[in-house]
Peer 1: 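Let me begin by handing over the structure; questions about it come next.
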Protein chains: 2
Amino acid sequence: MQMSLQEMKQIFLMIKNIDRHVTQYFEKRTGISLTRYEILYKLLEKGQLSQMKLRHELKIDQAAVTRHLKILEEETYVIRHRNEQNNREVIVQITEAGKDILDNCDLDKNRFMDEMFGSFTEQELKQLQILVKKFESEAEKLKS
Amino acid sequence: MQMSLQEMKQIFLMIKNIDRHVTQYFEKRTGISLTRYEILYKLLEKGQLSQMKLRHELKIDQAAVTRHLKILEEETYVIRHRNEQNNREVIVQITEAGKDILDNCDLDKNRFMDEMFGSFTEQELKQLQILVKKFESEAEKLKS
DNA sequence: GCATTATAATTGACGAGTCAACGATTGATT
DNA sequence: AATCAATCGTTGACTCGTCAATTATAATGC
């Protein structure tokens, strides 16, 4: 019994819906946008990054990166300076204030994850992870 | 072996990524936005709907519904008129032109689905559907 | 019957991403 | 060395969604 096109389309709509809810709720919970949280997290993890690297880590448009960093800089969570070795690049670093904020968020984040995934069994979570990963890689192939 | 918070967060980011790719590519392929496609589809399916009903079918904000319908109306894919029994409501109907567009899209849509899900086995697809559905229902609970 | 409350739709202001155009810097070719 | 191409970042214009305020209509209570 094959899955109908209708059902496939339904999967897209559910994905959309999940994204909206999660994004909104994460921000409400932690006080920071999911994307900006992720930027800070990557910076903490990797030390410092050029905006290009950040763009590839996050898989969003450069323009969006620029704008997020502008906000994070105004909030003093991040410092930017040109790369002396290559003046085209801007190197981004997380500040102490930025690290503090990340720590702060983590409590809320953890509770958030619990609410979100609490009703999944380990087995289901693993499955979900695998399938979503596959789904993502298919979606990325569409680029063209 | 428990799944880490890091991995859970990763799932959100993948969802985001999938949504962006799918939405963009669907539109490029079919020439119509996924949401507006869905509006037309619902109208075809249910005959006619009030904007409120549409809002609940699509699970998006009323404001967004109003704006999409304004566009669809300008494109003559849809007709709107006040409900005589309740002048607060606006009743929306799909036009012949709207139906034609839907038909047109379907070919592209089907090819699109193929590209997207072609590499999934029946089994995987079913699993994906079930897990995403569960995920969605958890996400919707967050509302509060 | 009139005031209050609830429901529908619209509008404006916002946030997040996209794309396309632009500027500045670097690298390559000749 | 001078031009031409490629890379990185910024900006403006756009889409799609959210929320909050507003308007218009209907329903309810006294």
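Below, chain A is the first sequence line, B the second, and so on; all start at residue 1. Quick caveat: nothing in here was measured; it's all calculated off a predicted structure.
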Peer 1: In terms of ring plane angle, is the pair B/Phe12 and B/Phe135 parallel, tilted or perpendicular, where the classes change at 30° and 60°?
Peer 2: parallel
Peer 1: Rounded to the nearest 0.5 Å, what's the gap from CE on B/Met116 to CD on A/Glu138? Could you check?
Peer 2: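 The CD atom of A/Glu138 is 6.5 Å from CE of B/Met116, to the nearest 0.5 Å.
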Peer 1: Which residues pass the side chain to side chain contact (heavy atoms under 4.5 Å, CB included) test with A/Ser137, sequence neighbours left out?
Peer 2: none
Peer 1: Rounded to whole angstrom units, what separation is found between the CD atom of A/Glu89 and the C1' atom of D/dG9?
Peer 2: 10 Å
Peer 1: Just how far, in rounded Å, is C1' of D/dC16 from CD of B/Glu38?
Peer 2: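 So the CD-C1' distance, B/Glu38 to D/dC16, works out to 16 Å.
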Peer 1: Summarise how protein sits on nucleotides 14-29 of chain C as a single string, 5' to 3': B when a protein heavy atom is under 4.0 Å from the base, S for sugar-phosphate-only contact, - for no contact.
Peer 2: --SSBB-----BB---
Peer 1: How far does NE2 of B/His56 sit from OG of B/Ser50, to the nearest 0.5 angstrom?
Peer 2: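 Between B/His56 NE2 and B/Ser50 OG, I get 9.0 Å after rounding to 0.5 Å.
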Peer 1: So what does B/Arg80 hit on the nucleic acid, given a heavy-atom distance under 4.0 Å: a base, only sugar-phosphate, or nothing?
Peer 2: sugar-phosphate
Peer 1: Regarding B/Arg80 and B/Gln93, do their side chains bring together a donor and an acceptor under 3.5 Å, going by distance alone?
Peer 2: no
Peer 1: Nearest-Å distance, CG (B/Leu69) to C1' (D/dC16)?
Peer 2: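 From B/Leu69 CG to D/dC16 C1': 14 Å.
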Peer 1: A/Asp19 has an atom CG; how far is it from atom C1' of D/dC16, in whole Å?
Peer 2: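 Computing the A/Asp19:CG to D/dC16:C1' distance gives 12 Å.
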Peer 1: Can you tell me if A/Gln51 touches the phosphate of D/dT10, counting only side-chain N or O atoms and a distance under 4.0 Å to OP1 or OP2?
Peer 2: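 A/Gln51 to D/dT10 OP1/OP2: side-chain N or O found under 4.0 Å.
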Peer 1: Establish, yes or no, whether the cationic atom of A/Lys9 lies under 6.0 Å from the six-membered ring centre of B/Tyr41 and within 45° of the ring axis.
Peer 2: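 Yes, A/Lys9 lies over the aromatic ring of B/Tyr41.
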Peer 1: Do the two ring centres, one from B/Phe112 and one from B/Phe117, sit under 6.0 Å apart?
Peer 2: no
Peer 1: To the nearest Å, how far apart are A/Leu13 CG and D/dC16 C1'?
Peer 2: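 These atoms are roughly 15 Å apart.
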Peer 1: B/Ile39 CD1 to D/dG17 C1': how many Å, rounded?
Peer 2: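 Answer to the nearest Å: 12 Å.
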Peer 1: Can you measure B/Lys70 atom NZ to D/dC16 atom P for me and round it to whole angstrom units?
Peer 2: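 Interatomic distance, NZ of B/Lys70 to P of D/dC16: 13 Å.
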Peer 1: Between B/Thr66 and C/dA9, does any side-chain N or O lie under 4.0 Å from OP1 or OP2?
Peer 2: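 Indeed not, no polar side-chain atom of B/Thr66 lies that close.
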Peer 1: Check the distance between D/dG9's P and A/His81's NE2 and give it to me in whole angstrom.
Peer 2: 12 Å
